[in-house]
Amino acid sequence: MEGNSGGSGGNDVELLCKTLQVEHKLFYFDLKENPRGRYLKISEKTSATRSTIIVPFSGISWFLDLFNYYVNSDDQDVCSKELQLDTKAFYSTVFYFDIGENRRGRFLKVSEASVSRNRSTIIVPAGNTQDEGWAAFRNILAEINEASRLFMLPNQQGSEASEHLVGLSDDVGAGFIAGHSSQPASSSELNMNRPVELPAHDEMGLTKVMRVDQKRFFFDLGSNNRGHFLKISEVAGTDRSSIILPLSGLKQLHETIGHFVEITKDRMEGMTGANVRTVDPPQR
DNA sequence: ACGGCGA
């Protein structure tokens, strides 16, 4: 697959590259973008071998959560986890997280099994000291997770930010499946993570206010440890109601709205002016 | 400096 069509990704834009050395292994983190969306390529390189997994954009915060789980859990408590990500309408990728141990020490095996690629695996040594191995890996994921959110902040670009979001959401929802352990992989055990060194994880990244007649609609981009979401609130008088749309559904929403824009075009003509507008909220 | 995985 060295050709330019399909999966090679050679022409994809590199947004961010990071390198991590753990013992004698080198890990390369490449946040990349192509017209179909963003993804994180993680490569493990030794002098003899190279192995790569591709993490869909929507999976980055899940990887962060999982590494937090393995970093923060007691050795005897950790269990295997599976992370399933539906990346398109018809394909999904499953990542298997398994702990292993041999005379070299403990390691975390992360396997990617997807329809479109052969199964591939990276193995991350636990490391001896606190900032080696899993913790260092986790820290890189945290940096990438933060940085990827900064890409969509409205800096000077104003409304352009919302267009970028559509490209991000090529990847569709995520959910944990219980691993080989008896207990289900409840979200609560993942909420035990204490990412104290991270900036506020659930802070709203972007807000827009839309006025239509007497109503106001707030669009708040947020994220928590379950991923990114768009909160749309309707405020009329003292009543407020909200819907929470996982960012993975944003593209569908966009397409659905596009459908209604299309079929109501005739009636919409001449209505784009005074009573329908979208503004940026005042800075806080 | 390793070496795990799985073919």
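Note that the structure is a prediction, hence the values are computed from the model and not measured. Convention: sequence-line order gives letters A, B, ...; per-chain numbering from 1.
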Practice problem: Grab the CD-P distance between A:Glu132 and B:dA1 for me, whole Å please. | Solution: 13 Å

Exercise. Nearest whole angstrom, please: distance from the P of B:dG4 to the CZ of A:Arg50.
Key: 19 Å

Self-check item: 5' precedence on DNA chain B between A:Gln21 and A:Val124 (nearest-nucleotide basis)
Solution: A:Gln21

Exercise. Tell me, please, which residues at least two apart from A:Glu101 pass side chain to side chain contact (heavy atoms under 4.5 Å, CB included).
Key: A:Arg106

Exercise. Would you mind reading off the distance between A:Arg103 atom CZ and B:dG3 atom P, rounded to a whole angstrom?
Key: 8 Å

Quiz item: For the side chain of A:Glu101 and the base of B:dG4, is some donor closer than 3.5 Å to an acceptor across the two?
Solution: no

Quiz prompt | Partner residues of A:Lys215 under the side chain to side chain donor-acceptor pair (under 3.5 Å) criterion, sequence neighbours left out | solution = A:Glu234

Quiz item: Partners of A:Phe107 by ring pair (Phe, Tyr, Trp, His ring centres under 6.0 Å), sequence neighbours excluded?
Solution: none

Would you tabulate the pairs of protein nitrogen or oxygen atoms and nucleotide nitrogen or oxygen atoms of nucleotides 5-7 of chain B closer than 3.5 angstrom?
from: B:dG6; atom 1: OP1; to: A:Lys109; atom 2: NZ; distance (Å): 3.1

Quiz item: Are A:Phe95 and A:Phe63 an aromatic pair by the rule of ring centers under 6.0 Å?
Solution: yes

Self-check item: side chain to side chain contact (heavy atoms under 4.5 Å, CB included) against A:Glu14, all qualifying residues, sequence neighbours excluded
Solution: A:Cys17, A:Asp30, A:Lys32

Quiz item: Which residues satisfy the side chain to side chain contact (heavy atoms under 4.5 Å, CB included) test with A:Arg119, sequence neighbours excluded?
Solution: A:Tyr96, A:Ser111, A:Ala113

